[in-house]
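All chains are named by letter (A, B, ...) in the order of the sequence lines, taking the proteins before the strands, and each is independently numbered beginning at 1. Note that the structure is a prediction, hence the values are computed from the model and not measured.
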Amino acid sequence: MSGARREWYFDKFEHRRPPPPSPHNKTREFAWQVLGTIAIVIGFWYIQWRWSNSLNLDALWFAVPLVMAETLAFVGLILSVINLWQIGDTPLPEPPATANDIDPHERDGRPIRVDVFIATYSEDPELVRLSIQAAKALRYSYPIDLRVHVLDDGRRPDMQGVTEHEGADYITRQTNVGYKAGNLRNAIEMTDGDLIVICDADTRLFPTFLNRTMGYFRDPKVAWVQTPQWFFDTPEGERLDHRWRRFLGRPGGWIARGVQTLVGEIRVNKDPYDNDPRYFYDVIQRRRNPANASFCCGAASIHRREAVLHSALRAYADAIERQVRSMTDPIDDPESRDALDEAMRRELAFDQEVTPFKFHVSEDIYTSIILHGDPDNRWRSVYHPEIQSKMLSPQDLKAWAIQRFKYCAGTLDIGLNDSPIYRHRLSLLQRLMYGATIWSYLGALWSWIFLVSPAVYLFTGIPPVSSFSLEFFVHFLPFILAFEIASLVGTWGVANPKGKAIYTGFFPIGLRALWTVLRGQPVKFHVTPKERQSGRYLSLVRWHIAIVALNAGAIAVATVQIFFLATRTDLAGYIVNLFWATYCIMLMVIWIRAALWHPPAEARV
Amino acid sequence: MTIDPHDDGGPGIGQHDGQGRGEAIGQGRGWLTARGQIAFLVGLVIAFSAIFALERVDFSRTADPLGVGWMDRRSGVPFERLRSQVAPEVRQRMIGTATRMLADRMLAERTGAQPTLATGAALLGYAACVHMADPCAERLAPTMDSGHVFSGGPDLALDRFMGLLGATSLMQHDRRSQAALAYWRDAAHALAVTGAVLLPNAPGHAQFGARTSQLVGLAAPVARNYTSLAPYFENADGFTRAGLENSRTTAEGLALIATAYRDDGASRRLSWYAAIGLGGRWEDLPTGLLALWWRLFNEPGVEEALSARLVSGTWVGPGGPVRNVDLAMILLAFASLDAGPLVPTLP
């Protein structure tokens, strides 16, 4: 069954080791907190000035959308500062030796039972084999009852063969109800581990995973521990001097070396899709930890079965109660009402399903919200900052877009239909942190305004502000500088400039996701492909191409009008918007390059 | 430094230290630590200091520090048509005594007949008479001394600043106006604080309000430099882009500044551009604005239009009797002609 070892495109990346968590420098953190506060206060000052004193009252159709966009983006900035306020890693106790170390009700001192779930649907069984082998290689400081289960929603005989060959359990079911959440639910029903490790088909756990995470469960209120996900196969790109030497010969190489001497190494086409999730995990998730607001991201997390089931049972009971109430409350006669109540409860108890992981496209964050907001238990989450597994990244723009569409639509669906903002048991900070996630996806509503505004001005000469005067710059520059400097210090060492471009250009996907959710349509998506698909995806970036063309055309038109035809004189506005439009073009070009990117010739799946 | 996934070695970040199971777990240090609170306070102090310093930048004091080059380029042909667009110099001219008396008599009649309707415009008219050392000052004095003028209340944003300007001028002439000044200062302050200086969509009035507020140390948060008026001038169709009403209020505010204050060259040039930008369509303009332009420019068309407003021994507006505000502007124009700017010292 195993045969000759397969060759994978990622074989050449196997030597890579994960980066450590960014060091916690208290002086820098203090500086960030000061700068973040300054950015917010000056931001308030700027925004109030924008609304009260700077609008072009003759062109409110243009001025108001832009100032609205600025205001909404500023709300995001406030949430971001709150999110990133500080690092607060949870101290990790010694790994528990027996079950009663993590469960005060347990008395017999038996070894802890751990189930590793590897969820799969259509992935190559040989790829899953690697994940099984990694799970089987887990080590622990004490005797442990470790079981590895492959949860195959594809019901594939070859997958079953690989699983059994590797000595793992094969679990499947007759339907695909609930997709991944349903798959996990089915496995939970068939297993009994104290702790559950969740893996995707391509998640390869490090042998240290359990030793580094299980200590947190000594606290009986800890429901899950999330570790960072690490895509070890992101393209490393090509050094600038190598690239320029190829295209421009030796002089090009010399020039590139000179540039790199000044600004450090530059790599072209490094991680073209910005898959590296380090910013998300090492900055966003890690800094939510002190507010008990880091959420589960699925793969590479470990859960307390009791917490998952407790919340599931509660949700089960609530669902039955809701249905019974809806039918019995209108009945006036107490006797009839009680009779119907009793009959319905018995019936619904059979019909209603227990769903440990919320059946939702974003089941991980949804389940996190439910556990954090559990009215009976103040469940805690822990974010462990060390990378303890490796996995594969989406290898083309289509796969990437599918994944991000899923994240976006799922989060927006939660935000619009079951918003954590209104869950009374969540703390204020938890609401703000979850709100920040939802808000970031709503950014699609206004980010496009920033991209088209310079073109509108350059084409028409109509400014969105009353004038591009010194007063404008005196308000705008302090705000933007305060924000940029604060970001620089706050994310020192983990800064992700390409992420800004990706976020700004995300609007076509984000708007589509929002439209899907608003129409109440199910969020349909294919499983994120783990192998690179062939082809170029210019259709995915047609809006980005349009924005590049729009801004480039606007620059050309305004330049001709001002410098050749002399029919316009607004030089200050021209200069401001020239820079703005150029910046927008640069952001969009990153998307277009990603669509056109293809890996160098190499061994592929 | 990298983490070797196969190494289960010594303690690292977030790793147990092997000191036993009694270690605190909890959620770390909590969210808002003492250090975080100090950082927050330091940030607040720095940010508000910066804002305070930035708000102290007084654009008007340096007469538009960005320059008013945009005015000179408004023809669309930079540096070429500049000379042809320069506002003509003011030349001395005469005004008939009867015409002058007419304005002050109308104002006195209105103020005397309805003292409770006395407004900031009436106060400005009185100040203009005092400034001219004209008999109209004596005519208006009893009404002003009765105190009614302070209690009538302003009806327009423009009126408040006219009142403030009049009260300031009277104070400079040592004319019993401390109480008036306090009243109109408060009225102007209320506008400046609420941002209503900007209303009603009148950037010229806002300029006038901002400039006048500075007389008593009120920094109006709007319209502190003329470049905010640029959209009204930078267009191929002349001074009509915002519609006639807006053009009028813009022109009116600028003309008031140019007439009332000394050496405000920028507003005088803008007034000229506004005047020629209307392309001779002066028949619908308020009489007060025509009077101010008559004072500021040697333009025959303006004089003709103003003369046409003298009908049967009375001043009229485009749609009927002139308003108090227009009468005040007429008197201001005459006072400025006779005795120079009403407020000779710019704030």
Participant: With a 4.5 angstrom heavy-atom cut-off, could you sort out which part of B:Ile38 is near chain A: side chain, backbone, both or neither?
Facilitator: both

Participant: Does A:Tyr142, at its OH atom, have more than 12 non-hydrogen atoms belonging to other residues, nucleotides or ligands within less than 6.0 Å?
Facilitator: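 Yes, enclosed.
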
Participant: Go through the atoms of A:Ile82 and report whether side chain, backbone, both or neither lie under 4.5 Å from a heavy atom of chain B.
Facilitator: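 It is both, since atoms from each part get that close.
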
Participant: Working to the nearest 0.5 angstrom, can you tell me the gap between A:His475 NE2 and B:Ile51 CD1?
Facilitator: 9.0 Å

Participant: If every non-hydrogen atom of A:Thr37 is compared with every non-hydrogen atom of B:Ala39, which pair is closest and at what distance?
Facilitator: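 Closest heavy-atom pair between A:Thr37 and B:Ala39: OG1-O, 4.3 Å.
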
Participant: Once you round to the nearest 0.5 Å, how far does CZ of B:Phe48 lie from CD1 of A:Ile42?
Facilitator: 10.0 Å

Participant: Name the region of A:Leu429, side chain, backbone, both or neither, that has any atom closer than 4.5 Å to a heavy atom of chain B.
Facilitator: side chain

Participant: Quick one: does any side-chain atom of B:Arg35 pair with a main-chain N or O of A:Lys26 as donor and acceptor, under 3.5 Å?
Facilitator: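 Between the backbone of A:Lys26 and the side chain of B:Arg35 there is a qualifying donor-acceptor contact (under 3.5 Å).
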
